[in-house]
Amino acid sequence: KLVNLNKLKVISLVGIFLAFSVVALGAWTRLVDAGLGCPDWPGCYGFVWMPTTEAEISQANALYPEREFEVKKAIPEVVHRYFAGSLGLLIIAIFAMSFFLKPRNELVTKLSGALTLLVLFQSTFGYLTVSLKLWPQIVSIHLLGGFATTTLIFLIYVKLKELSEGNKNLYSMTASSKNILNWAFPVLIIQIILGVWLSSNYASLACPDFPLCQGEIIPNADFKMGFNFLQSIGPDYLGGQLDHEARLAIHIVHRFGAYFVTAYFLFLTFILAKERQFGFAKILISLLFLQLILGVSNIIYSLPLYVAIAHNLGALLLLISISYFRLKVSDS
């Protein structure tokens with residue numbers, strides 16, 4: 001039993017690393033405008049890797065004359081796809097192995113089964129991201145799927161760790177405090193959705209100043225168009241097609257959402273400290289302030305690549321942390 005558990009635990013730990021890498025590589029691909037670095041899927045200009053020789057590049061350009069091959073844009077896209085594919089195969093392996101645990105754990109099997117379905121879902125949306133030329137609705141769902149994948153594989157690892165150690169190490173909190181912790185999920189997830197919508201619509205630099213936006217608290221913005229989720233824009237969304245006022249609206253709402261999340265999470269940190277969960281409180285406050293610093297730096301320094309990638313990962317770490325805290329709190 002322990003050998004099987006430990007083996008699966010190690011595999012799931014590798015999966016966490018891969019999942020974080022896929023999210024980071026996805027952000028990198030998006031931020032360097034390489035989302036259409038390969039105009040086809042799952043290949044790249046008709047090649048398993050990508051065209052490398054002059055003859056192959058000529059063949060690729062003849063096949064896709066509307067999008068000339070650029071190696072600096074193809075590399076991020078191809079690397080992201082291979083990491084995502086490796087993660088998908090590993091998740092399927094975890095699901096298969098979960099049936100051979102003795103005794104089999106139903107929660108691990110259900111979580112890995114759900115994760116396998118999510119991977120298939122992600123593969124479909126990976127294809128749609130390219131075929132629909134970065135349509136924001138599809139890109140947003142695909143990004144959120146990456147966050148969900150990483151969170152689920154992390155929870156599988158935590159559960160396997162508990163099983164191998166034979167100790168859940170649960171913590172007690174009052175019902176009202178648990179309720180406040182539970183509400184942190186929708187509060188954070190809504191803000192993540194706003195951030196994803198901001199990114200997929202290329203609205204990160206709509207407000208180049210802070211704490212004001214265009215020198216005003218709320219400048220003239222088109223909220224109706226900015227949050228028209230049923231919009232049909234195309235045929236190519238690389239770089240975005242919304243006008244400046246619509247992008248302003250998305251940025252402003254995301255910024256005010258950040259203020260609300262900050263206030264709520266500071267309150268949650270106080271509640272955790274009151275419940276004497278000081279370790280959780282320290283982790284939460286550290287991640288919160290790191291995320292705030294990264295967010296403000298993105299604005300002040302005009303979206304530096306590595307800062308922007310770190311901001312994506314910071315949101316993911318907050319989501320995982322809240323999930324972990326809730327998992328460790330007893331329901332009794």
Side-chain angles (χ1 to χ4, degrees), residues 5-6 9-10 12-17 19-21 23-24 105 107-108 111 147-195 211 254-298 306-307 309-332:
L5 274 175
N6 287 331
K9 186 173 70 174
V10 170
S12 64
L13 187 59
V14 173
I16 294 171
F17 168 77
F20 267 95
S21 299
V23 171
N105 185 269
L107 181 59
V108 171
L111 284 176
F147 274 51
T149 299
T150 310
T151 303
L152 274 178
I153 200 166
F154 176 79
L155 293 178
I156 288 172
Y157 169 76
V158 171
K159 185 60 182 179
L160 289 168
K161 190 171 184 292
E162 287 178 357
L163 291 170
S164 66
E165 295 174 355
N167 186 2
K168 289 187 175 182
N169 294 321
L170 294 178
Y171 303 93
S172 61
M173 289 176 65
T174 62
S176 60
S177 295
K178 277 193 294 187
N179 194 39
I180 293 168
L181 177 58
N182 289 338
W183 273 103
F185 282 99
V187 167
L188 179 60
I189 289 170
I190 289 171
Q191 179 64 4
I192 289 173
I193 291 171
L194 288 172
H254 180 64
R255 187 179 288 193
F256 276 89
Y259 299 151
F260 181 80
V261 170
T262 299
Y264 192 91
F265 274 49
L266 285 173
F267 177 58
L268 177 58
T269 302
F270 169 75
I271 294 298
L272 289 170
K274 186 179 177 182
E275 293 281 354
R276 306 190 67 80
Q277 304 299 339
F278 299 114
F280 291 167
K282 288 177 183 177
I283 291 171
L284 188 61
I285 198 73
S286 299
L287 289 175
L288 177 63
F289 277 103
L290 174 63
Q291 189 68 343
L292 287 172
I293 291 168
L294 291 170
V296 173
S297 298
N298 276 330
Y306 296 110
V307 174
I309 292 173
H311 192 56
N312 277 260
L313 295 178
L316 179 55
L317 284 171
L318 276 170
L319 179 61
I320 286 175
S321 297
I322 291 296
S323 302
Y324 179 74
F325 298 165
R326 188 59 190 90
L327 187 68
K328 286 294 184 180
V329 172
S330 172
D331 285 321
S332 58

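Predicted model, so just to flag it, every value in this text is computed and none were measured.
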Taking ring pair (Phe, Tyr, Trp, His ring centres under 6.0 Å) as the definition, give me every residue that meets it alongside F260, ordered by chain and number, with sequence neighbours left out.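 For F260, no residue satisfies ring pair (Phe, Tyr, Trp, His ring centres under 6.0 Å) once neighbours in sequence are set aside.
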Between [X] and [Y], what is the shortest heavy-atom contact and its length?
{"X": "A315", "Y": "I192", "value": "O-CD1, 4.1 Å"}
{"X": "E275", "Y": "S172", "value": "OE1-O, 4.3 Å"}
{"X": "M173", "Y": "L181", "value": "SD-CD2, 4.5 Å"}

With a 4.5 Å cut-off on side-chain heavy atoms, are [Y] and [X] touching?
{"X": "V187", "Y": "L268", "answer": "no"}
{"X": "L317", "Y": "F20", "answer": "yes"}
{"X": "E162", "Y": "K328", "answer": "yes"}

Can you list everything that forms a side chain to side chain donor-acceptor pair (under 3.5 Å) with N179? Sequence neighbours excluded, please.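 For N179, no residue satisfies side chain to side chain donor-acceptor pair (under 3.5 Å) once neighbours in sequence are set aside.
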Taking side chain to side chain donor-acceptor pair (under 3.5 Å) as the definition, give me every residue that meets it alongside T262, ordered by chain and number, with sequence neighbours left out.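 Once residues adjacent in sequence are excluded, T262 has no partner under the side chain to side chain donor-acceptor pair (under 3.5 Å) criterion.
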Would you compute the distance between atom [atom1] of [X] and atom [atom2] of [Y] and round it to the nearest 0.5 angstrom?
{"X": "S323", "Y": "L327", "atom1": "OG", "atom2": "CG", "value": "8.5 Å"}
{"X": "K178", "Y": "Y171", "atom1": "NZ", "atom2": "OH", "value": "15.5 Å"}
{"X": "T269", "Y": "F267", "atom1": "OG1", "atom2": "CZ", "value": "10.5 Å"}
{"X": "F256", "Y": "Q191", "atom1": "CZ", "atom2": "CD", "value": "12.0 Å"}
{"X": "I271", "Y": "I180", "atom1": "CD1", "atom2": "CD1", "value": "4.0 Å"}
{"X": "N182", "Y": "I322", "atom1": "CG", "atom2": "CD1", "value": "10.0 Å"}

Would you be so kind as to tabulate the donor-acceptor pairs closer than 3.5 Å made by side chains of residues 150-158, with sequence neighbours excluded?
unit_1	atom_1	unit_2	atom_2	d
T150	OG1	G146	O	2.9
T151	OG1	F147	O	2.9

Side-chain donor-acceptor pairs of residues 280-293 under 3.5 Å, sequence neighbours excluded:
unit_1	atom_1	unit_2	atom_2	d
S286	OG	K282	O	2.7
Q291	OE1	H311	ND1	3.3
Q291	NE2	H311	O	2.9
Q291	NE2	H311	ND1	3.4

What pairs with A310 under side-chain contact (heavy atoms from CB on, under 4.5 Å), at least two apart in sequence or on another chain?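 Counting only residues at least two positions away or on another chain, A310 forms a side-chain contact (heavy atoms from CB on, under 4.5 Å) with L294.
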In sequence, state the C-alpha distance, the side-chain angles, and the governing distance for V261 and L318, and then conclude on side-chain contact (heavy atoms from CB on, under 4.5 Å). CA-CA 11 Å; V261 170; L318 276 170; 5.8 Å; no
If you count the non-hydrogen atoms of other residues, nucleotides and ligands that lie under 6.0 Å from OH in Y306, is the total more than 12?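 For Y306, atom OH is not crowded (no more than 12 foreign heavy atoms under 6.0 Å).
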Around F185, counting heavy atoms of other residues, nucleotides and ligands shown, do more than 12 lie under 6.0 Å from its CZ?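 Atom CZ in F185 is packed in, count exceeds 12.
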side-chain contact (heavy atoms from CB on, under 4.5 Å) evaluation trace for L316 with N312: CA-CA 7 Å; L316 179 55; N312 277 260; over 6 Å; no
